[in-house]
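Shown next, in structure tokens, is the structure this report addresses.
Chain letters run A, B, ... following the sequence lines, proteins first, then strands; residues in each count from 1. Keep in mind that what you see is a predicted model, and the values were worked out from it rather than measured.
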Amino acid sequence: MTETDLHFFIDSTMSYFEETTGEAAQPGIPFLKGRDPLVRDFSGIIGISGQRKGCIYITASRALLNQLAQCILNRPTISREEMKDLAGEIANTIAGNVREAYGSTFMISVPVVVEGRAKDIVVPQEPPAFVIPFTWRDCEASLVLSLTP
Amino acid sequence: MKTLSDSLSNDQPAFEEPSIHSLFLEGVLEHAGEGYFLLDSALVVQNPLSRSAMRCLGEENPVGRPFLKILENKVTGEIIERSREYLTLLFDPDLDEETLGEINPLAESEFCYENKRGLWEESSQLRFSFDRLFEDGQVRGILGRVRDVSHEHELQKRLNSTEHQVRQQMEWLVNILHVESSALREFLAGAERELQNIEERLRTPGKPGEYPQVLEDIYRSVYIIRGNAALMDLSFFTEFGHQFLNLIADIRQKTAPGAHDFIPVVVRVKELRSTLTEVENIVRRVSRFHERFRAKRSYESELLVHSIRLLVNSLGSELGKQVQLVHDDFDPMSIPFYHRQAVKEFLYLLARNALYYGIEFPEERKEQQKPAVATIEIASKVTPDGLNLRLRHDGRVLKIERLIEKMLVQYPQLKEEKAGWNDADISRLIFTPGMVDEEERDLIAGYSLDIELLRKRVQSSGGRMKITFTSKAFCDVIITLPLRK
């Protein structure tokens, strides 16, 4: 992945929050995913194929999804299913934005949502995956990018 | 509307429901590893259709379905669009077969197959070809043929990847062959340690206000990697480190670096990680050869002095400084094999440091009543304490007064102590990492990091270091390394 790709994914993620809630998310310093697991309460995973292959996933805390869903649905109570849907939707929107920007040379799969603290979401060690941590309303989440060059 | 199948079945019994002809055709094509299917002018799949084609298309019953619809979610949108144009062109009888064959977007494509939940479970590399079926000079339909070439494709991919890998490994080999395998392993272990420090620093950067410190820490680690690489003349790592340092230096100019500024840093870290892994693999493989083809000891000894002289001469002339190397009391044969690489590194580092930061330009030396040509003297001696290694130069020690001023600004409580400072205290001050002056930041930071690198290396060899100097006349460094019984 190039610097431009990373910029694009970061901007795309940040603008999702800004556009849907009017409140921007704050990106943290990106780093390389090691062998340590990186999974929060809900994770939305999208497979990517075509010119680039691999996957992206967004993993977020229950608190973040809860607040985000409240913002979007304008309701005080949010069900677990709605939070799951939201995790999938964020991943899908980000991947969709990227497809729009990069043209039709790659495909995105339907999102898969993993609930709970899975041991880890295994991505290939080569090439190393990039992790972009970010916060929204002081809640933490991460976007993980594992794509072939 | 009369379909192609109707038309064909009226005229050609071969296309009737499983006739002996269609079974024969299927048998032949299956044997050749190909599936076939028919497309009408609306690009809808028609009978006859072979089982092999159904497998390739990933559909249980594609008859009556638009071909382009079948391609959805199996190939990219771009290929679908180009296929639409291409298949439409096939119905133009004026276009020649050869030209059409060249623009086939499905000549070789990866097909991804979804499971019932819409997830990709597997993929195949398929090769499609399309033949036009003419009737009265008009194209009435298309006979599509499809072959699964995944195996061939995989082999080709592996071959290409191996070729690329071998080419790259050869480049690495040329780059590292001149360095002993034990020294290389040591270098790689050191680089790995620093890389882990960098990765950890990126993972736990703290609040945005702490980002400048994160940059400083990364700079320090990259500096150490570059320094070690330069010592071993590993040009690729040296150059890479140099560019990386420049990149960080640029970011350091910003008053408040943000998370975005670290993107190029993390990309470089990834490159460094991949390179290290690659080189580690090569070192493992070539280390046995290295041991076998090691040069004779006497030759290695000559080479050691020769390479230090080369460094002094070339760097001296590059910097515009005149220096002579005196090595009368240096006996390379007295240096045990297990310390050879470390000794080489120490002398390299000290000589380079003296040239960069200690030895003055000829005019400056003349003004100070010193000979225009400076002297770097190296010596070695085996004592009951161990191997003593000495490098002395008659230059100054880098701007001591300025460093002290800086120290006092940072730590005003030391002002009272200053009067009582002796050479040893000042020495400790000079060799405290991080004594950087904004005006000559890079120069002094380089000096400080060089010394830090040296100290670390001496410590890891189980040795100790003693420095004696005056601010203007000389600097004398003695390193004592333990000897094995």
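- Atom CG of Asn246(B) has more than 12 heavy atoms from other residues, nucleotides or ligands within 6.0 Å.
- Between Leu32(A) and Leu202(B), every side-chain heavy-atom pair lies at or beyond the 4.5 Å cut-off.
- Annotation: side chain of Leu6(A) is not in contact with side chain of His260(B) (no heavy-atom distance under 4.5 Å).
- Minimum heavy-atom separation, Val267(B) to Thr2(A): CG2-C, 4.4 Å.
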### Message
If you apply the rule salt bridge (charged side-chain N to carboxylate O under 4.0 Å, His left out), what do you find for Glu3(A) with Arg268(B), and how did you get there?
### Response
CA-CA 10 Å; Glu3(A) 290 170 34; Arg268(B) 295 298 180 288; 3.1 Å; yes
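- Taking non-hydrogen atoms and a 4.5 Å limit, the residue list of residues 16-29 of chain A in contact with chain B, ordered by number, reads Pro27(A), Gly28(A), Ile29(A).
- The CD atom of Glu200(B) sits 9.5 Å away from atom CZ of Phe31(A), with the distance rounded to the nearest 0.5 Å.
- Minimum interatomic distance between Pro30(A) and Ala259(B) (heavy atoms only, all atoms of both residues): CD-O, 3.9 Å.
- With a 4.5 Å cut-off on non-hydrogen atoms, Ile108(A) touches chain B through its backbone but not through its side chain.
- Within a 6.0 Å radius of CG in Asp138(A), no more than 12 heavy atoms belonging to other residues, nucleotides or ligands are found.
- Proximity to chain A (any heavy atom under 4.5 Å) is shown, for Asp261(B), by neither the backbone nor the side chain.
- If you take CD1 on Ile263(B) and CZ on Phe130(A), they are separated by 10.0 Å, rounding to the nearest 0.5 Å.
- Counted within 6.0 Å of CD on Glu60(B), heavy atoms from surrounding residues, nucleotides or ligands total 12 or fewer; the atom is thus considered open.
- For Ile48(A), the part sitting under 4.5 Å from any heavy atom of chain B is the backbone (N, CA, C, O) and nothing else.
- Here the closest non-hydrogen pair linking Val75(B) and Met107(A) is O-SD, 3.0 Å.
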